Each structure stands twice: as structure tokens, then as C-alpha cells.
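Report on the following structure.
Since this is a predicted model, take the numbers as computed values, not measurements. Read the numbers this way: they start at 1 and go in the same order the structure lists the ligands and their atoms.
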Amino acid sequence: MSDKDTTLAPKLKTRPELDKPKLYKVILFNDDYTPREFVILVLKAVFRLSEETGYRLMLTAHRFGSCVIVVCAKDIAETKAKEAMDLSKQAGFPLMFATEPEE
Ligand code: TYC
């Protein structure tokens, strides 16, 4: 076989970061001080979750230390996390939310 027989396949370039913007997780962290009912109230008010879903996610964070609440665009994730922490701070609770890019 000579060099001329070699076929070069075109390199397919994937640019996912240009095709779709990265999604971000909003993560809820457990603590020992915030009442369960208040966590559910915040989840309902800020993330528009039902009582049932709020309860389930609160319990997941309580049991496992943290829980993903929603995956969405970066600016929405950051706004929601801030809103939720502002509400908690106003009420005097140390409830923590964070955002991080999805894998
Ligand atoms: N661990 C808290 C308690 O027992 C309740 C709680 C649950 C707090 C979830 C934060 O993300 C949280 N009062």
C-alpha cells in the first residue's frame, strides 16, 4: 500500500460551548438550624415547587447533606440562589444555596 492509498477523514469539530450555553445546578445544603418548614417555604416561593416536591427535596438535603434543586441557565440559577439566601438571611437562618456548572 502506498501513501496515495491513505484516505484522511475530515476532522469533525464539536463546539458544544458555542452551540448551547452551559447549564447550572442550584444546590441546597443542609444545616442544623433552619427549620424544615422554612426550607420548604423557600423552595415553594423561589423555585415554584409544590409542597410535595419541596418536602422531598428538603428531606434529601437533610439526609444526604445536599440536593440539586434545579438545572437552568447561569443567570437564572444565580438569581434564584441569591433570592433564596436573601429570604433566609432576612428570617435569620443560615440556609445555603450554591450554583455550579453541570458536567
Ligand atoms: N436539618 C434541618 C433541621 O433538622 C432541616 C434542613 C433540611 C435544613 C434541609 C436545611 O437544606 C436543608 N432542622
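- Close approach of ligand 1 to V39 is summarised as follows: ligand atoms under 4.0 Å from at least one heavy atom of the residue are 6 (C), 8 (C), 10 (C), 12 (C).
- At a 3.5 angstrom cut-off on N or O pairs, H62 counts as close to ligand 1.
- Of the candidates L59, L43, N30, it is N30 that places a heavy atom closest to atom 7 (C) of ligand 1.
- Of all atoms in ligand 1, listed by their number and element, those nearer than 4.0 Å to a heavy atom of T34 are 2 (C), 3 (C), 5 (C), 6 (C), 8 (C), 13 (N).
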(Q) E100 vs K25, test: salt bridge (charged side-chain N to carboxylate O under 4.0 Å, His left out). Steps then yes/no. (A) CA-CA 5 Å; E100 78 174 40; K25 300 182 273 194; 3.2 Å; yes
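- Contact check for V42 versus F97: side-chain heavy atoms found under the 4.5 Å cut-off.
- By the criterion of a heavy-atom distance under 4.0 Å, the side chain of L95, and not its backbone, is placed next to ligand 1.
- E83 approaches V46 most closely through the heavy-atom pair OE1-CG1, 3.8 Å.
- Closest to atom 2 (C) of ligand 1, if we only count protein heavy atoms, is D31 O, 3.2 Å.
- Between E102 and V71, the shortest heavy-atom contact is OE2-CG1, 3.6 Å.
- Each of L57, T34, L59 was evaluated against V39; a single residue qualifies, T34, per the side chain to side chain contact (heavy atoms under 4.5 Å, CB included) test.
- The distance criterion of under 3.5 Å between nitrogen or oxygen atoms is met by F29 with respect to ligand 1.
- Of all the atoms in ligand 1, the ones that sit under 4.0 Å from a non-hydrogen atom of L28 are 11 (O).
- L28 and Y24 fall into different hydrophobic clusters, defined by Ile, Leu, Val, Met, Phe, Trp and Tyr side-chain heavy atoms under 4.5 Å apart, directly or through other members.
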